[in-house]
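Take a look at the structure below.
Quantities reported herein were computed from a predicted structural model and do not represent experimental measurements. In what follows, every chain begins at residue 1, and chains take the letters A, B, ... in the order their sequences are listed.
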Amino acid sequence: MEKSFEPAQIESTWYARWEASGAFKPSGKGDPYCILLPPPNVTGTLHMGHAFQQTVMDMLVRYQRMRGMNTLWQVGTDHAGIATQKIVENQLAVEDKTRHDLGRDAFVERVWKWKEESGSTITNQMRRIGAAADWSRERFTMDPGLSAAVQKVFIDWYRAGLIYRGNRLVNWDPVLGTAVSDLEVNNVERDGHMWSIRYDVVDPQPGELDHLVVATTRPETMLGDAAVAVHPEDERYKKLVGKQLRLPLTGRSIPVIEDDYVDKDFGTGCVKITPAHDFNDYAMGQRHGLAQYNIFTLDAKIVSDKDWAVNASKPGGSGRVRSKYFDTATDIGIPAKYQGLDRYDARKIVLADLKELDRLVETKPHKLQVPVSDRSDAVIEPMLTDQWFVDLTSDMLADGRPGGRQAITQPALDTVRSGEIKFVPENWTTTYTQWLDNIQDWCISRQLWWGHRIPAWYDEAGNIFVGEDEADARKSATIAPVGALRQDDDVLDTWFSSALWPFSTLGWPANGPVKNERGEVVANWEQDKIFLPSAVLVTGFDIIFFWVARMVMATKYFTGQVPFREVYINAIVRDAEGQKMSKSKGNTLDPLDLIDGIELEPLVAKSTKSLLIPQVREKVEKRVRKDYPDGIPAIGTDALRFTFAALASYSRTINFDIKRAEGYKAFCNKLWNAARFVLMNLPEGEIAAPAGSPVTEAERWIITRLKQTLGEVEQHFVTYRFDHLAQALYEFTWNELCDWFLELSKPALNGDDAIAAASTRHTLLVVLESVLRALHPIIPFITEEIWQSVALKLGLSEGSLMQRPWPRADEIVADDAATAEIEWFKNVLSGIRRIRSEMNISPAKAIPLLLADGDASDRARVAKFAAQIAFLGRTEAPQWINSGADEPAAAAAVVGTLRVMIPLAGLIDLGAEKARLAKEITRIEVEIKKCEGKLGNANFVANAPAEVVTQERQRITDWNTTLTALREQAQKLG
RNA sequence: GGGUGCUUAGCUCAGCGGUAGAGCGUCGCCCUUACAAGGCGGUGGUCGUAGGUUCGAUCCCUACAGCACCCACCA
């Protein structure tokens, strides 16, 4: 083995060998254990969040595989409709083209091409992380099999009445030109204004109000006002309810209505109602039967008569914006001067005109929540459009069949409420159930070209025909189509296909094998359905609604099963200061840069590459140079993975500190060198197991500690406490195996007792091999590399560590007596070391060692460990001082009643030792006082559990023993 | 407005009813033949504030303060 651990060398070969060996595929033996990879965007690249999440999944998968489970890690990628389409549109923009220049078919073809080019980037990055996933079953949400599942689900739900098409107010992204779901809209606080506008009463009565003042943040929408609402109990306006108001600028007259929704005390207590462009107003419009004046085009300009004609001329799919009541913009009173203006330009002009007319009463600054598209940052425009929805809210359909709440939403709630699906940490249950309790119907149609095209056709009368293809749609229709059929232009929300992931990837709905584009079998429902439900879903809280809930809905509905038994919500990865990682802040980390390392200049170039604004570039460059003056050191995959494990508590964020990762690289190096030590102490060839149990206490102790550690690790796997699990293995490996057992083995290996030496050699080998197995799920590369050498010694020349069983605690025999012996030894040695260190005795200098008092067991132990004490304590052979004999002045440590002494002569300052003793005595006196305080309290003795009282009594006894010995020592010093 | 977290050593975090822990940092001594990416030893905390429950509270309860995040949203 090389002298130090070099991750790059080790990592380069192992992954390919594992994958080629077929070790990532289900074994076909044992109980099924399945994990679904949240499919990343096919054209994406790996970020820290992915790396963390995938490390978690990989640890679970590797662990369970070693435990003998029939393990499937189902991988694949997502077509990510909007995101992917946008990337390709941006590419076209460079050529000064739009998707419309290409046309639908050519554009979609181009996206496929881009998918082929970049689709392997992220999967190759996953391989660098070490993800032991079954790539032979890799899927893509738009591959034929999954597309078939999407189609069947759409058709089945449609035929069950659970998918419907409706003209509804939806969130419209005017930049992307598509509807988006509620979840894809973020409300962002922005500085704006509140404008108060005067609306005059038509034919005011003498002595009554002749106008109302409405307050609005969006004055341009007044062109579409349908009413002004006041609160029913608002005395100020009571008399005006039912009267008409003259809408400024348009001249239309609109009614004053009353509605509970209005807050009397906010603003003037009068609200302008624009049913076609505001969700609350829409609802109020429905309650009061108000007209819906649609005043915007799909790119958020004020409609013109021209647009109107265009829109009105097309039935069905593309005639998307339709007023139910009016035919032209002029008809609804939009003056020609506003027609065709962008919404913000219109706002300026409307305000100017209102001011001109003396209708603008007040302008004041106002902070408001602006709905912004998650995907384009465009301000969302609520828009009345024809869209497809999944019914999630009706209890029963008109024809008596179960509605969406009953058929889809409620089962999804019940499975979680009943505990059939468990969230880890469990408080996410509340988030999940509260969202489902308040859910709205799901808008699933998107006006994009990249995605699953909706399997619906329209005839010339606008009738809808749904089927697998046009022929099937015709066949299953109950009415004869009028004229030709035309397929719906829309595609489905990306999350629609993601919702099916748990069962579509297993081959549903096909009866036989499902093949991919290359003709390879990727799934077979009849066989693979054993992997449903999967064991655990590892995912971020940000997609509980988008994905988790919808998987539960769809999987439960179509298979009757839950998609997974547990949902482990992983933490969000942030930078070392707890800041969100973002490119514009310059605090992102590329996991591959951590693995491979990167020099400062390439890192600066990379970090600023995609930043267009000079100020931001400058800021980012500054930050990168400050944070990484020497670039990023290569820490390797294993150290990165160990860091993720060590940080994965139940906390909802983890702050990634490179310092910490470097610490775990040191751990890898430690393991590497421990292995070197073991191997260089073994003779050539295979090592036969000695007859009988391990000879020395040290061996039996380390085996006992191994058992305890493994038991803890097993438990932490059950509860997903990767931090504890990693820490337990870290501490065992470093603080016990390396610090103590390896050191203790040295005198044994080099001593005269050949039997003890042989036994120790074998124990070193066996314990090392067990540790490698136990650590393999966390740090697969280094453990595999070392294991190859270790395996030869054990006669396991074939195969890979991946295929070894995980070392189970219950297969190991504990020896508590040996543990007590070694604890005693550690105390003695620590005492000696402390004296040496505090008295500044050179570590190289061998010193005399005297022993006094103590009992028979101390004598036996000293005899037994004499060589180890001398070797590790750098002392001469221990000498006992008989009770009552003269003692030289010495520094002492106390272990029970035993005094371990280093004579002062020429080594130690008497005063310093006295001071040291005094300090120790004081400390123990304080402890004793605390104990006495407790035991002196009758209530404590009466109420505390018996074992706590006993324990307290034991402690006071022990402290007193130590105190007595220390006092005696102090007295001897004079 | 509804919900969920967090506040413990200089930093980042575990612990969660019964002697305050880890990593990193820091200080001292050592290149001791597995490892200086190391060894040995040390320093460092009235566990956000105020009450309460309890024999006993960092841990449970209540209030408050500060910091995050999610959902909904008053024009």
Consider only side-chain N and O atoms of A/Asn587 and A/Asp627, and report whether a donor and an acceptor are under 3.5 Å apart. no
Sub-4.5 Å side-chain heavy-atom contact between A/Arg836 and A/Ile902: no
A/Phe644 and A/Phe656: ring-ring contact (aromatic ring centres under 6.0 Å, His included), yes or no, with the steps? CA-CA 8 Å; A/Phe644 284 138; A/Phe656 190 89; 5.7 Å; yes
Taking N or O atoms only and anything under 3.5 Å, show me the protein contacts with nucleotides 42-47 of chain B, one pair per line.
residue, atom, partner, partner atom, Å
B/G42, OP1, A/Arg834, NE, 2.9

Each nucleotide of nucleotides 28-36 of chain B classed B (base within 4.0 Å of a protein heavy atom), S (only sugar-phosphate) or -, in 5' to 3' order, makes BSS-BBBB-
Hey, is the side chain of A/Gln434 pairing donor to acceptor with the base of B/C71 inside 3.5 Å? no
Does the gap between the ring centers of A/His366 and A/His193 come in under 6.0 Å? no
Please state whether the phosphate of B/A14, meaning OP1 or OP2, lies under 4.0 angstrom from any side-chain nitrogen or oxygen of A/Ser651. yes
Sorted by first residue and then second, give each salt bridge (Lys or Arg N to Asp or Glu O under 4.0 Å) pair with at least one member in residues 721-732 of chain A; sequence neighbours left out. A/Arg721-A/Asp723
Result for ring-ring contact (aromatic ring centres under 6.0 Å, His included) between A/Phe667 and one of A/Tyr730, A/Phe5, A/Trp672, A/Phe732 points to A/Tyr730
Using both distances under 3.5 Å as the test, list the Watson-Crick or G-U wobble partner of B/G21, or none. B/C13
If only side-chain N and O atoms count, and only distance matters, is there a donor-acceptor pair under 3.5 Å linking A/Trp195 with A/Glu362? no
Counting primed atoms, P, OP1 and OP2 as sugar-phosphate and everything else as base, the B/S/- map of nucleotides 15-23 of chain B against protein heavy atoms under 4.0 Å is S--BB--SS
Between B/C59 and B/G51, how far apart are the two P atoms, rounded to whole Å? 14 Å
State, yes or no, whether a side-chain contact exists between A/Thr409 and A/Thr393 at a heavy-atom distance under 4.5 Å. no
Considering Watson-Crick and G-U wobble pairs with both distances under 3.5 Å, what does B/G48 pair with? B/C64
Taking for A/Val941 and for A/Val188 the nucleotide of RNA chain B with the nearest heavy atom, the one nearer the 5' end belongs to A/Val941
Take a 6.0 Å sphere around CD of A/Glu823 and say whether it holds more than 12 heavy atoms from other residues, nucleotides or ligands. yes
What nucleotide among B/A68, B/G5, B/U12 has an atom nearest to a side-chain atom of A/Asn427? B/G5
Quiz: residues 262-273 of chain A side-chain donor-acceptor pairs under 3.5 angstrom, not counting sequence neighbours:
residue, atom, partner, partner atom, Å
A/Asp263, OD1, A/Asp265, N, 2.9
A/Thr268, OG1, A/Val213, O, 2.4
A/Thr268, OG1, A/Cys270, N, 3.4
A/Lys272, NZ, A/Thr221, OG1, 2.6
A/Lys272, NZ, A/Asp225, OD1, 3.0
A/Lys272, NZ, A/Thr274, OG1, 3.1

Would you kindly give the CG-to-P distance between A/Leu640 and B/A37, to the nearest whole Å? 21 Å
Output the rounded distance in Å from OH (A/Tyr650) to P (B/G5). 14 Å
With a 3.5 Å limit on both atom pairs, tell me what B/U53 is paired to, counting Watson-Crick and G-U wobble, or say none. none
Taking only the C1' atom of each, what is the distance from B/C11 to B/A65 in whole angstrom? 24 Å
Distance, P atom - from B/A9 to B/U4, rounded to whole angstrom: 27 Å
Complement of B/G28, any strand, by Watson-Crick or G-U distances under 3.5 angstrom: B/C40
Across the strands shown, which category fits A/His366 at heavy-atom distances under 4.0 angstrom: base, sugar-phosphate, nothing? sugar-phosphate
Could you tell me which nucleotide pairs with B/C59 by Watson-Crick or G-U wobble geometry, both distances under 3.5 Å, or answer none if nothing does? none
Would A/Asp958 and A/Gln954 count as having a side-chain donor-acceptor pair, cut-off 3.5 Å? yes
Take atom C1' in B/A20 and the same atom in B/U43, then report the distance between them in whole Å. 16 Å
A/Phe546 atom CZ is separated from B/C70 atom P, nearest whole Å, by 12 Å
Whether A/Asp278 side chain and A/Asp281 backbone form a donor-acceptor pair below 3.5 Å: yes
Parallel, tilted or perpendicular for A/Phe722 and A/Tyr568, by the 30°/60° rule? perpendicular
Considering only heavy side-chain atoms of A/Thr430, the closest of B/A75, B/G41, B/G3 is B/G3
Considering only the C1' atoms, how many Å lie between B/U32 and B/A68, rounded to the nearest integer? 50 Å
As a test of reading the structure: which of B/C55, B/A37, B/C40 is closest to the side chain of A/Glu6, going by heavy atoms? B/A37
Rounded interatomic separation in angstrom, taking CD from A/Glu184 and P from B/C71: 12 Å
Euclidean distance for C1', B/A75 against B/C13 (whole angstrom): 46 Å
Distance between the P atoms of B/G5 and B/G38, in whole angstroms? 39 Å
Heavy atoms under 4.0 Å, any strand shown: does A/Arg652 hit a base, just sugar-phosphate, or nothing? base
Mind calculating the distance between NZ (A/Lys845) and P (B/G41) to the nearest angstrom? 21 Å
Roughly, in whole Å, what's the span from CZ in A/Phe667 to C1' in B/A37? 13 Å
Could you let me know what B/G1 is paired to, Watson-Crick or G-U wobble, both distances under 3.5 Å, or none if it's on its own? B/C71
Under 4.0 Å, heavy atoms only, any strand: does A/Thr431 hit a base, just the sugar-phosphate, or nothing? nothing
Rounded distance in Å - CG (A/Leu290) to P (B/A75): 20 Å
The Watson-Crick or G-U wobble partner of B/C35, with both key distances under 3.5 Å, is none
Quick test of your reading: applying salt bridge (Lys or Arg N to Asp or Glu O under 4.0 Å), list the pairs with at least one residue in residues 641-668 of chain A, sequence neighbours left out, ordered by first then second residue. A/Asp58-A/Arg641
Please give the distance between the P atoms of B/U58 and B/U7 as a whole number of Å. 15 Å
Would you mind reading off the distance between A/Leu829 atom CG and B/G41 atom C1', rounded to a whole angstrom? 12 Å
Ignoring backbone atoms, test whether A/Thr216 places a side-chain nitrogen or oxygen under 4.0 Å from the OP1 or OP2 oxygen of B/A75. no
Counting C-beta onward and ignoring hydrogens, is there a side-chain heavy-atom pair between A/Met222 and A/Leu354 closer than 4.5 Å? yes
